[in-house]
Amino acid sequence: MPTVTDRHDRRHDGVRPQARKRFGQHFLESVWAEKVVAAAAPAADDTFIEIGPGPGAITRPLAAHARAVAAFEIDRDMVQHLEVGRPENLLIVERDFLKVTAAEVVEALSRLGAPADRPVRVAGNLPYNVASPILFKLIELRQEGVRIADATVMLQREVADRLLSEPGTRDYGVLSVLIGHKGDVTRLLNLPPGAFRPPPKVRSTVVRIVFHPPMPPVRSDALFGALVQAVFTRRRKVLSNALLAHAGAASAGATRVLGLAGIDGQRRPETLSIEEFARLSDALSDLSGR
């Protein structure tokens with residue numbers, strides 16, 4: 001989990017936090033921290049949710065440029081460090097973001113006086129081992145009423161490549177389809193291992209995801225997600241075989257589902273566009289009555 005620190009940290013308590021292997025921490029050099037904040041492009045009327053602020057090199061500039069920041073941090077030592085010299089428009093919440101509820105997020109934003117009628121933005125240097133679950137968590141929170149407009153997040157570059165991949169490519173898969181169904185992804189910044197101390201063994205990328213309603217709409221979002229995940233467990237198989245990994249499709253009959261969707265069963269899952277996955281899902285929904 002590359003986290004960030006710079007000269008700002010030493011102004012608050014005179015002690016630079018130490019990277020901890022338990023959380024996979026790597027501190028971002030100040031020049032790169034400035035670039036990440038610039039990529040997030042905070043505006044004076046923006047309210048941010050920050051995921052994993054670490055010692056706060058990104059957090060404090062966000063708070064300086066934005067209306068307010070609610071930062072969710074799992075590391076108690078980092079929370080204590082962030083509380084020293086904390087500006088009034090910054091709220092630190094000691095919480096595992098994957099376990100946070102929509103009600104907790106709304107309550108944190110309310111404590112900051114964030115306008116209820118305005119969308120919020122997300123920034124974060126995501127723990128790389130749980131980056132994908134956190135992205136799905138953001139979608140879940142949106143579905144539960146948290147008005148998240150976009151997320152500017154740092155990821156392992158391979159994860160970013162999957163988000164940005166096109167049908168028919170090696171990286172195209174579950175993440176490409178399910179995130180792409182609900183957001184537009186743009187690569188903003190690539191970071192080398194040398195941008196961190198100590199250098200991690202992976203490369204990093206900052207992306208922005210601008211969320212939108214499901215495009216195209218589907219009859220059952222849960223069915224769409226389950227179907228995509230099921231067929232990609234057999235990505236090397238043709239669709240007529242891969243569809244059998246989903247119990248509902250197996251029961252309805254893969255040939256019937258493909259026929260109703262108008263898709264060739266000899267194609268492989270990684271060749272289908274998001275729109276074609278939506279057609280498959282809706283065909284199965286029609287046949288199964290879901």
Side-chain angles (χ1 to χ4, degrees), residues 1-3 24 26 28 36 39-40 51-52 97-98 122-143 148-193 195-196 200-216 218 221-239 242-243 245-246 263 267-281:
M1 167 189 162
T3 57
H26 298 263
L28 186 62
V36 172
I51 305 168
F97 191 77
L98 284 174
V122 172
N125 184 10
L126 304 188
Y128 289 175
N129 59 331
V130 290
S132 295
I134 287 176
L135 296 180
F136 290 127
K137 180 69 176 183
L138 293 176
I139 289 175
E140 175 188 317
L141 290 172
R142 275 178 49 87
Q143 292 172 332
I148 299 172
D150 67 86
T152 301
V153 291
M154 190 184 303
L155 307 165
Q156 185 173 336
R157 192 171 302 181
E158 287 76 9
V159 175
D161 290 343
R162 292 204 294 272
L163 282 172
L164 290 154
S165 61
E166 298 290 336
T169 62
R170 180 186 62 182
D171 292 325
Y172 188 73
V174 172
L175 199 63
S176 321
V177 175
L178 296 188
I179 299 299
H181 187 227
K182 297 179 177 67
D184 296 324
V185 185
T186 305
R187 189 189 308 268
L188 301 180
L189 184 65
N190 289 324
L191 293 85
F196 302 88
K201 294 181 180 180
V202 299
R203 298 170 300 167
S204 305
T205 294
V206 177
V207 302
R208 175 172 293 128
I209 305 171
V210 178
F211 293 104
H212 54 63
M215 293 174 50
V218 291
D221 193 67
L223 178 59
F224 176 81
L227 184 66
V228 170
Q229 293 184 67
V231 298
F232 273 110
T233 65
R234 299 185 178 184
R235 65 178 298 139
R236 302 303 177 194
K237 305 291 185 180
V238 296
L239 277 169
L243 275 172
H246 186 277
I263 295 173
R267 293 173 61 185
R268 298 185 187 276
E270 68 266 24
T271 69
L272 267 62
S273 66
I274 294 174
E275 188 275 336
E276 288 173 316
F277 274 112
R279 279 164 39 199
L280 268 182
S281 176

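As the structure is a prediction and not an experimental result, all values here were calculated from the model. Just so you know, residue 1 is the first one in the sequence shown, and it goes up from there.
Partners of Arg203 according to the salt bridge (Lys or Arg N to Asp or Glu O under 4.0 Å) rule, which considers only residues two or more places apart in sequence or in another chain, are Glu158. For Ala226, the side chain to side chain contact (heavy atoms under 4.5 Å, CB included) test picks out His246, with sequence neighbours left out. Not counting sequence neighbours, the partners of Phe232 by the ring pair (Phe, Tyr, Trp, His ring centres under 6.0 Å) test are Phe277. The side-chain hydrogen bond (donor to acceptor under 3.5 Å, both in side chains) search around Ser176 returns Ser165, not counting sequence neighbours. In this structure, the side chain to side chain contact (heavy atoms under 4.5 Å, CB included) partners of Asp161, at least two apart in sequence or on a different chain, are Arg157, Asp171, Arg187. By the side-chain hydrogen bond (donor to acceptor under 3.5 Å, both in side chains) test, Arg208 is found to be paired with Thr152, residues two or more places apart in sequence or in another chain being considered. When the salt bridge (Lys or Arg N to Asp or Glu O under 4.0 Å) test is applied to Lys237, no partner is found at least two apart in sequence or on another chain. Scanning for side-chain hydrogen bond (donor to acceptor under 3.5 Å, both in side chains) contacts around Glu166 gives an empty result, with sequence neighbours left out. For the side-chain hydrogen bond (donor to acceptor under 3.5 Å, both in side chains) test, no residue two or more places apart in sequence or in another chain qualifies with Arg142. Among residues two or more places apart in sequence or in another chain, the salt bridge (Lys or Arg N to Asp or Glu O under 4.0 Å) test is passed with Asp184 by none. When the side chain to side chain contact (heavy atoms under 4.5 Å, CB included) test is applied to Pro192, the partners found at least two apart in sequence or on another chain are Trp32, Ala195.
Side chains of Leu189 and Ser204 form no contact here, defined as non-hydrogen atoms less than 4.5 Å apart.
The CD atom of Glu140 sits 4.0 Å away from the NZ atom of Lys137 when rounded to the nearest 0.5 Å.
Scanning all heavy atoms of the two residues, the minimum distance from Leu164 to Val185 falls at CD2-O, 3.4 Å. The two residues Arg268 and Leu239 have their closest heavy-atom pair at C-CG, 4.3 Å. Nearest heavy atom pair, residue Pro167 against residue Thr271, reads CB-O, 3.8 Å. Residues Arg267 and Glu276 come closest through the heavy atom pair NH1-OE2, 2.8 Å.
Pairs engaging residues 154-175 under the ring-ring contact (aromatic ring centres under 6.0 Å, His included) rule: none recorded [sequence neighbours left out].
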